[in-house]
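In what follows, a single structure is set out as structure tokens and then discussed.
Just so you know, these numbers use all the heavy atoms, side chains as well, and skip hydrogens, waters and symmetry mates. Because the structure is a prediction, the values reported are computed rather than measured. A note on names: the letters A, B, ... follow the listed sequences, proteins ahead of strands, and every chain is numbered from 1.
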There are 2 protein chains.
Amino acid sequence: MKDHQELLNLPHKTIERLSQYRRALLLCLEDGRTHIFSHEIAKIQHITPVQVRRDLMLIGYSGTLRKGYNIRELIDLIGEIIDSEEMINVAVVGVGNLGRALIKYFNGKRHKLYIVAGFDINPEKIGKIINGIPCFGTEDMDRVVREKNIKIGILTVPAANAIESSKRLVDAGIKGIVNYTPKPIEVPDNVYLEEYDMVTTLEKVAFYVKMAELKGEKVEGGN
Amino acid sequence: MKDHQELLNLPHKTIERLSQYRRALLLCLEDGRTHIFSHEIAKIQHITPVQVRRDLMLIGYSGTLRKGYNIRELIDLIGEIIDSEEMINVAVVGVGNLGRALIKYFNGKRHKLYIVAGFDINPEKIGKIINGIPCFGTEDMDRVVREKNIKIGILTVPAANAIESSKRLVDAGIKGIVNYTPKPIEVPDNVYLEEYDMVTTLEKVAFYVKMAELKGEKVEGGN
DNA sequence: TTTGCAATGTTATTTACTTAACAAAAATAT
DNA sequence: ATATTTTTGTTAAGTAAATAACATTGCAAA
């Protein structure tokens, strides 16, 4: 298998796509297929076949010339690369609509990733089992994160609580954070941070929709 | 102001960052500030001051040398660029946890974007007002999208319904789709599509967390 | 007044990523 | 047998994005 440094040299975008390839491959496997061509994967992911082949080249996987790639093998190889050996435990901080959506959405889907705890400040939620996972008060974060060996925290609290919650996570020794609040947070270098704001995505789509409409008008006006 | 083609030539990443700059600037404005330096914006967004200045150069905004950028002016200029003249109406398809989270999260935050309708197949939701917006059955999508002049659809249905829902949106004449389901969809060229999968993000974070741990172990082992 | 400083604005360079080009291989058709 | 087709795997070229380098400006302090 590829060594540590080779894996780190993989482009970040390739890592993302590997996750997406696996998602698509798992669906194909469910359909009873055993092999798939690069152009088929490409179609699903809205990218080019070359990109797919290049990514697979980078991870050292070879297909067969007329049958394409063995789906089962490829899924396993992607797992070897992006998954950990042991389970990685995840916590959701903020068990509102978004937090609950994530819990439902993740658990049971992946072998090596599991949401094992939720945190909230709402006394009605604390102590309850919500969507199958126990909910704790944020004041217990330090203890629970250590006890359950939680490595990653997903921030789904209201923006006003983002900073405080992220600090608690960091103090509890978390290693990675996904921040879904619209408030950018700061973390030490040893914590991997990914931020995503749905408003930005929507505004971007709105921008290109607007531009397409203006273009349409202009073209029509030109005729 | 910049013309149509100039706006389209802006890098996609710049468009995203403009949205994020505005988000940050609005918070600064609430704090009563009037001016901000590029390095302050940069710090909030975890990027470099040069990047900020370059983006602002691209949109033709100039700050003052010792005071930095006028927050109010910059917010307005970003609005002129990324917002539409008239309101853009948005629909959420799938009023589950994620859909409701989005509704709460968006509405009232932006002048030019508003979620005006939800669609669901659950009879208990149809006809109700959920988080302030009316919920319709998916069979009414065509009518409602046209009546309410809805331009953008946000897909938050279960993966199994993603394809069907996206087809309905397209048939209803939608111009842009944000797909939050884990099932990639296909749309015609004239529909702008943005897909985001939370599992991919989590797996990516898990990968880099794993790599950091392996690195840590290696370093320790080397000592 | 002039020197230094801290900021902006812009061009040049570098890096990261994608796409294109094409050789090689294996199955199939001629 | 030989040519054709289809697909992979890899190197080369091209794009897009980020960073670096640096000129410029205007205020403040000496």
Side-chain angles (χ1 to χ4, degrees), chain A residues 2 5-21 25 28 33-71 73-74 77-78 194-195 200 204 207-208 211, chain B residues 2 5-21 25 28 33-71 73-74 77-78 194-195 200 204 207-208 211:
Chain A
K2 307 191 85 64
Q5 195 52 51
E6 279 177 307
L7 291 185
L8 271 180
N9 286 341
L10 290 172
H12 284 222
K13 296 273 185 181
T14 295
I15 298 296
E16 287 178 16
R17 282 191 298 264
L18 288 175
S19 164
Q20 289 163 356
Y21 296 162
L25 292 168
C28 291
R33 302 187 53 183
T34 62
H35 290 75
I36 193 167
F37 295 121
S38 62
H39 64 259
E40 295 176 294
I41 300 176
K43 182 121 189 285
I44 297 170
Q45 299 299 139
H46 312 124
I47 56 178
T48 65
V50 186
Q51 180 106 82
V52 174
R53 291 204 297 277
R54 210 172 188 297
D55 285 333
L56 299 189
M57 183 195 79
L58 290 175
I59 64 171
Y61 185 66
S62 292
T64 49
L65 207 38
R66 291 299 267 239
K67 289 198 293 182
Y69 303 96
N70 181 303
I71 294 176
E73 278 178 18
L74 188 46
L77 178 59
I78 292 174
E194 192 82 15
E195 305 200 299
T200 291
K204 185 182 169 192
F207 172 79
Y208 286 107
M211 294 315 286
Chain B
K2 307 192 81 66
Q5 195 53 49
E6 280 178 305
L7 291 186
L8 272 180
N9 286 341
L10 290 172
H12 284 221
K13 296 274 186 179
T14 295
I15 298 297
E16 287 179 17
R17 281 192 297 265
L18 288 175
S19 164
Q20 290 164 356
Y21 296 161
L25 292 168
C28 291
R33 303 187 52 183
T34 61
H35 289 75
I36 193 167
F37 295 121
S38 62
H39 64 259
E40 295 176 295
I41 300 176
K43 182 119 189 289
I44 296 171
Q45 299 299 138
H46 312 124
I47 56 177
T48 64
V50 185
Q51 180 108 81
V52 174
R53 292 203 297 277
R54 209 174 189 296
D55 285 334
L56 299 190
M57 182 195 79
L58 290 174
I59 64 173
Y61 185 66
S62 292
T64 50
L65 206 37
R66 289 300 267 239
K67 289 197 292 180
Y69 302 96
N70 181 303
I71 294 176
E73 278 178 20
L74 187 47
L77 177 58
I78 292 174
E194 192 83 14
E195 305 200 299
T200 290
K204 185 182 170 192
F207 172 79
Y208 286 106
M211 294 315 286

In whole angstroms, how far is the P atom of C:dA16 from the CD1 atom of A:Ile15? 15 Å
In whole angstroms, how far is the P atom of C:dC17 from the NZ atom of B:Lys13? 9 Å
Under 4.0 angstrom, heavy atoms only, what part of the nucleic acid is B:Thr14 near: base, sugar-phosphate, or nothing? nothing
Could you report the tightest heavy-atom contact between A:Tyr61 and A:Glu73, atom names first, then the distance? OH-OE1, 2.7 Å
For side-chain contact (heavy atoms from CB on, under 4.5 Å), just list the numbers for A:Glu40 and A:Arg33, CA-CA rounded to whole Å, side-chain angles, deciding distance to a tenth of an Å, and then say yes or no. CA-CA 12 Å; A:Glu40 295 176 294; A:Arg33 302 187 53 183; 3.1 Å; yes
Using whole Å, what does the distance between atom P of nucleotide C:dT15 and atom CG of A:Asn9 come to? 14 Å
Quick one: what's the B/S/- string for nucleotides 1-6 of chain C, heavy-atom cutoff under 4.0 Å, read 5' to 3'? ----BB
Partners of A:Arg17 by salt bridge (charged side-chain N to carboxylate O under 4.0 Å, His left out), sequence neighbours excluded? A:Asp55
Between NE2 of A:His12 and C1' of C:dT15 the distance, given in whole Å, is 13 Å
When you compare the side chain of A:Gln51 with that of A:Gln45, does any pair of heavy atoms fall below 4.5 Å? no
Atom-pair distance (CD on B:Gln51; P on C:dT8), nearest Å: 15 Å
Within the structure provided, determine whether B:Ile15 and A:Tyr208 are in side-chain contact (heavy-atom separation under 4.5 Å). yes
Quick one, A:Ser38 and A:Leu56 - any side-chain contact, counting heavy atoms below 4.5 Å? no
What integer distance in Å separates A:Leu8:CG from C:dA16:P? 13 Å
Given C:dG9, C:dT8, C:dC17, identify the nucleotide with an atom nearest to the side chain of B:Ser38. C:dT8
Could you tell me the boundaries of the chain B footprint on DNA chain D, defined by atoms under 4.0 Å from its heavy atoms? D:dA17 to D:dC27
Under the criterion side chain to side chain contact (heavy atoms under 4.5 Å, CB included), which of B:Leu74, B:Ile59, B:Ile41 is the partner of B:Tyr21? B:Ile41
Within less than 4.0 Å of OP1 or OP2 of C:dG9, is there a side-chain N or O belonging to B:Arg53? no
Close side-chain approach of B:Leu7 to A:Phe207, heavy-atom, < 4.5 Å: yes
Do the non-hydrogen side-chain atoms of B:Arg53 and B:Tyr69 ever get within less than 4.5 Å of each other? yes
Nearest-nucleotide comparison on DNA chain C, the residue closer to the 5′ end among B:Ile36 and B:Arg54: B:Ile36
